Colleague: 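So that we are looking at the same thing, I have put the structure below in structure tokens.
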Amino acid sequence: MFAVIYIHDFSLQSVLRHEPELIPKAVVLMDPALTKPCVIQLTPTARACGIGEGMSPSQAMARCGNLIVKTRSLPQERAAMEALMQTAYAFSPHIEATAPSICTIELKGLGLVGRASCPVRVAPRADETMESAAPQRLAETLAPPLRQWAAEILRVLKQFHLTAQIGFAETPALALLAAHATTPILVAQTEKGRARCPHRAAHDNSIQIQTKLEEETHFVSALPIEALDLPFEHLEILRHWGISTVGAFLALGKDKLAERLGPTVIEIFNRLSIHSIRPLKIATPPETFIEEIEFENPIETLEPLLFILRRFVEQLSRRIELLYLVVAELHLKLGLTSGASYERVFTIPSPTGNAETLFRTLHTHLENLRTDAPIATLRLSAKPGRPESHQFGLFETTLRNPNQFAETLARLAALCGSDRVGTPVLEATHRPDAFRMQSADFSLSIEKKRPVGLCPVRIGSGSSHTRTQRKSGKTCSTSRKHWDYESSLQKNPNGIPPQSPGLPSLRGYPGSEVSNVHNPETIAPGAPRSRIYGEQFPRGLPLRRYRPPSPARVEFRERRPALMRSAVFNGAIAHTRGPFFSSGNWWENNRWWREEWDIQTSDGNLYRIFRPAGENDGYCNSPKSGRGQPHSKTLRKTEAPQNLRQVLECGIGQTGSVPMPLLLETDGRTQSFQPSPSQPDLLQYFLEGIYD
Amino acid sequence: MIRSSRAPRRTSEGSLPMSRIANIIQLRQSLKEKFPGLRINPEEFSPDTRSFWQTGLPQIDDLLEGGLSKGALTEIVAERRGAGGALLAYSLLRQAAQAGQIVAFVDGADSLEVTQLEETILSRLLWVRCRSAAEALKATDLLLRDGNLPLVLLDIAINPEKQLRGIPATTWYRLQRILEPIATVCVVFTPRAMVSPARDRIFLRSHFSLDALEQDHDKLLAELKMEAAETHRFNELEASAS
């Protein structure tokens with residue numbers, strides 16, 4: 001036995017699927033692909049106004065002032081067909097996409113056929129026979145599984161705003177004819193079926209469904225001639241002959257009709273035969289879940305877009321729910337009138353089928369979206385996934401509502417910028433303040449997210465040797481290099497100790513003796529990497545950074561910073577520590593060198609100042625000068641004492657908001673600067689931060 | 001202990017005048033009629049029902065009799081830099097990381113030094129880099145409404161005074177109302193006392209020198225000096241009124 005699900009006025013229903021409030025109204029559908037646009041389908045309300053198929057739009061509008069004209073949309077028909085197939089597949093694995101709007105189902109193996117064909121025998125009362133039994137009692141005896149099965153299909157399709165009709169018969173062709181009948185459910189019984197079930201059931205007057213069980217011959221004969229799907233010209237001929245029913249058509253005879261109308265008639269006769277059961281082309285429903293629409297008028301505001309999007313999200317989640325899956329990803333594509341398009345993929349942190357949660361994700365993002373042109377088309381596709389289920393650690397806390405948190409992150413990104421919200425990840429370099437922001441993802445445990453392999457060594461560790469050297473102010477990175485490497489190898493030939501001092505390319509401050517992560521070939525073979533790349537304990541007061549660093553004019557006296565003028569502080573410097581040199585990436589184009597000082601100003605605050613040092617003094621700090629040679633670009637002419645006030649009062653407005661000059665390259669014009677100790681030097685520094 | 005300037009003036013017998021008591025009762029009844037869900041009885045604000053988030057620092061946990069209050073604002077005031085505000089913030093981040101908790105750090109001036117934080121902290125850190133105090137408060141509002149995070153730190157300690165003056169006082173009350181039904185700990189780092197509805201207010205009185213740059217964090221934390229200020233509490237008012 002076969003069942004056919006038929007959606008009448010399929011093109012019109014596809015268009016109105018996302019606007020169900022228009023179904024009771026007068027709506028006609030035009031096909032823009034036709035050379036002469038005319039009405040191809042219309043709602044019952046429009047038909048009641050006197051509008052019919054084939055009318056031109058002006059003719060239709062002349063008959064109904066409130067007429068709504070819609071155009072046919074192939075993408076929406078495709079989506080509706082996908083919904084039909086996916087619905088049918090949820091009820092039977094043997095389905096066929098017979099035609100747009102038609103889906104044939106084979107009931108084999110579902111356990112419905114035998115029960116449907118053999119209603120329960122009702123014992124007649126003493127005063128009645130089987131034939132005179134009340135139709136009502138017979139209707140009650142009609143097997144409920146088939147009716148419930150069909151009713152459930154109609155209910156699911158109703159969720160997609162599709163009104164369908166289901167026909168049951170012994171052959172697919174007859175089932176299709178049954179589906180074309182006006183009743184929602186029609187079961188056409190054959191003699192064979194009646195032989196199995198001697199009782200004939202009458203109408204089922206249930207409120208939701210009107211089920212008919214009819215004699216097949218009688219049913220076919222009573223069908224209108226239009227149900228045979230004949231070419232238009234043949235229908236005209238038959239109407240001219242006065243043939244209006246299928247029964248009259250069959251009475252003419254196959255041969256005579258074939259002579260006059262052609263071989264297509266033979267196929268129709270074969271189709272109506274109960275002995276021709278064509279095999280179904282079993283199809284699996286598409287695994288794509290796409291809803292798209294082309295707006296009649298381009299959309300410029302958010303509200304109408306959200307209105308349609310909500311409908312799309314509901315439809316997609318229901319379709320995916322039929323497969324017992326949830327939505328794991330949403331792909332939004334907006335087509336603009338300018339021809340450009342905007343696409344965005346939304347990964348749902350915790351896959352869900354909750355339409356409200358999915359819609360909020362889209363809503364949050366679209367609130368801050370600005371396009372260059374109005375929106376002409378909208379396409380939303382969903383990727384199904386399994387509901388999330390994994391076991392967390394016993395002592396691990398995680399997010400209670402990942403989807404809510406994702407929405408909060410989206411709002412924060414809209415507020416502060418997507419590059420300013422997230423989890424910082426340190427770069428594998430000793431360049432100060434080297435990090436990148438990555439999107440916050442707390443769905444995995446720390447153990448799962450711990451990277452394998454190289455990890456940057458923390459800055460801030462130190463050895464007593466270095467601190468001693470720092471205090472004496474006699475640090476020399478070049479000599480420390482030789483001491484660090486060779487002496488450490490002598491002391492520990494089997495590997496580099498965990499607190500090995502750094503090399504010139506490494507930061508020499510503040511006591512950050514780290515192993516040479518940039519030159520792994522210098523590491524002794526067999527050295528345990530865990531000792532080299534292990535985390536160090538934090539030291540020193542944390543720094544509150546100024547981003548970007550604040551320019552400062554620093555006056556040096558006796559080779560130490562004495563006065564500072566900046567937007568943060570103007571005044572004397574009470575205590576200093578330094579200088580500390582660091583450099584890196586010297587084998588690349590983005591090499592950098594820095595000279596840093598820790599200072600305590602007269603008001604008691606602790607700052608870190610720095611400036612890029614010259615290449616010549618990058619590794620060797622002359623004890624005489626007490627500082628590195630300034631870069632040519634930061635060179636300031638030595639001012640005579642009588643002009644010192646003038647220099648200090650000129651302020652730092654000249655530099656303005658100068659970006660942190662970490663990428664300055666040396667040039668041949670670097671001058672060897674050897675001022676006399678008696679004259680103060682005024683240099684351009686930068687305030688990196690304040691210790692707190 | 002620094003008494004709040006809003007402490008009610010008491011009579012010689014130690015209780016409020018009868019007229020004020022009657023006014024309070026009448027006001028409470030009016031509020032209850034107009035806002036049925038509003039909690040106005042002192043029993044509803046009993047500090048004994050608080051739950052705490054232990055910081056791991058004895059000077060705070062003992063000072064606040066248990067730790068930072070959940071569902072309430074805690075203000076940490078560092079009236080001068082170098083008092084250890086950032087040090088304390090880093091300590092809270094480490095404590096949360098040890099507990100495996102996710103922390104949100106709303107950085108009002110984008111000043112967090114991430115290179116001084118361990119990987120275990122960074123992997124559980126949501127860093128919100130704001131450009132102004134107003135932006136930071138909006139971000140904090142969103143995070144508190146989210147309710148997913150157990151600890152939210154708001155750092156506006158080095159924001160310009162001009163930005164801080166532009167913060168309406170009602171903002172803090174709104175944040176407090178958001179916090180009350182959830183178990184989130186919200187700590188606000190400020191350069192002066194400005195969070196009126198804060199349940200606890202701690203003043204940092206340390207003064208570190210350059211020598212502190214070479215000491216371990218544990219030693220520095222042990223040297224932190226702090227004072228707790230008694231904030232305006234409803235139960236105290238009612239206790240004195242009754």
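Labels below follow one simple rule: chain letters A, B, ... track the order of the sequence lines, proteins then strands, and each chain is numbered from 1. On a predicted model such as this, the values are computed, not experimentally measured, just so you know. Only this structure's heavy atoms are used, side chains among them; waters, hydrogens and symmetry mates stay out.
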Colleague: As an exercise: rank L142(B), L88(B), L149(B) by heavy-atom pairs under 4.5 Å with chain A and give me the winner.
Modeller: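 So the answer, after comparing L142(B), L88(B), L149(B), is L142(B).
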Colleague: Measure distances from F435(A) to the heavy atoms of chain B and classify the residue's part below 4.5 Å as side chain, backbone, both or neither.
Modeller: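 Looking at F435(A), just its side chain touches chain B.
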Colleague: Measure L541(A) against the heavy atoms of chain B and call it side chain, backbone, both or neither at under 4.5 Å.
Modeller: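 It is both, since atoms from each part get that close.
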Colleague: Please indicate whether Q54(B) has more than 12 foreign heavy atoms, meaning atoms of other residues, nucleotides or ligands, lying under 6.0 Å from its CD.
Modeller: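 Atom CD in Q54(B) is not crowded, with 12 or fewer foreign heavy atoms closer than 6.0 Å.
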Colleague: Within the structure provided, determine whether L543(A) and T115(B) are in side-chain contact (heavy-atom separation under 4.5 Å).
Modeller: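 With C-beta onward as the side chain, the pair stays apart.
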Colleague: Restricting to non-hydrogen atoms, name the atom on Q116(B) and the atom on P542(A) that form the minimum distance, rounded to 0.1 Å.
Modeller: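 Result for this residue pair: OE1-CA, 3.3 Å.
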Colleague: Can you tell me how far the OG atom of S123(B) sits from the CD atom of Q438(A), to the nearest 0.5 Å?
Modeller: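 The distance works out to 9.5 Å.
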Colleague: How far does CD of E113(B) sit from OH of Y691(A), to the nearest 0.5 angstrom?
Modeller: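 Reported value, rounded in 0.5 Å steps: 8.5 Å.
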Colleague: Side chain from CB out, backbone as N, CA, C, O: work out which of these in I599(A) comes under 4.5 Å of a heavy atom of chain B, or both, or neither.
Modeller: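 When you check distances to chain B, only backbone atoms of I599(A) fall under 4.5 Å.
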Colleague: To the nearest 0.5 Å, tell me how far T423(A) OG1 sits from I121(B) CD1.
Modeller: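 So the gap between those two atoms works out to 13.0 Å.
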Colleague: Tell me, side chain or backbone of I690(A) under 4.5 Å from chain B's heavy atoms, or both, or neither?
Modeller: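 Side chain only.
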Colleague: Under the 3.5 angstrom rule, does the side chain of D692(A) hit a backbone N or O of R81(B) as a donor-acceptor pair?
Modeller: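 No.
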Colleague: Heavy-atom cut-off 4.5 Å, strictly under: side chain, backbone, both or neither for L210(B) against chain A?
Modeller: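 The answer is both parts of L210(B).
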Colleague: Do V114(B) and R545(A) have side-chain heavy atoms sitting under 4.5 Å apart?
Modeller: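 V114(B) does not reach R545(A) side chain to side chain.
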Colleague: How close do D419(A) and R129(B) get, counting heavy atoms only, and between which atoms?
Modeller: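 Result for this residue pair: O-NH1, 3.9 Å.
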Colleague: How close do L220(B) and G540(A) get, counting heavy atoms only, and between which atoms?
Modeller: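 Reported closest heavy-atom pair: CD1-C, 3.7 Å.
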Colleague: Heavy-atom pairs under 4.5 Å with chain A: which of D211(B), I158(B), D107(B) has the most?
Modeller: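 The answer is D211(B).
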Colleague: Taking side chain as C-beta onward, heavy atoms only, is D110(B) less than 4.5 Å from R420(A)?
Modeller: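 Answer yes - side chains close enough.
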Colleague: Which region of S206(B), side chain (C-beta onward) or backbone (N, CA, C, O), has a non-hydrogen atom less than 4.5 Å from a non-hydrogen atom of chain A, or is it both or neither?
Modeller: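 Contact with chain A involves no heavy atom of S206(B) at all.
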Colleague: Is there a side-chain contact between V425(A) and L122(B) in this structure, where contact means two heavy atoms from C-beta onward sitting under 4.5 Å apart?
Modeller: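 They are not in side-chain contact.
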Colleague: Which atoms of Y90(B) are under 4.5 Å from chain A, going by heavy atoms: the side chain, the backbone, both sets, or neither?
Modeller: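 For Y90(B), the side chain is the part near chain A, not the backbone.
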Colleague: Grab the two heavy atoms, one from L126(B) and one from A440(A), that are nearest each other, plus how far apart they are.
Modeller: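 Looking at all heavy atoms of both residues, the closest pair is CD1-CB, 3.8 Å.
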Colleague: Donor-acceptor pair, R547(A) side chain versus L112(B) backbone, under 3.5 Å?
Modeller: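 Yes; judged by distance alone, with no hydrogens or angles, the pair exists.
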Colleague: Find out whether D155(B) and R544(A) are in side-chain contact, i.e. whether some heavy atom of one side chain is under 4.5 Å from a heavy atom of the other.
Modeller: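 Yes, side chains in contact.
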Colleague: On a heavy-atom basis, which atom in C416(A) and which in R131(B) lie closest, and how many Å separate them?
Modeller: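 Nearest heavy atoms, C416(A) then R131(B): O-NH1, 2.9 Å.
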Colleague: What is the distance from atom CD of E135(B) to atom CG of L415(A), rounded to the nearest 0.5 Å?
Modeller: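 Rounded to the nearest 0.5 Å, the CD-CG separation comes out at 5.0 Å.
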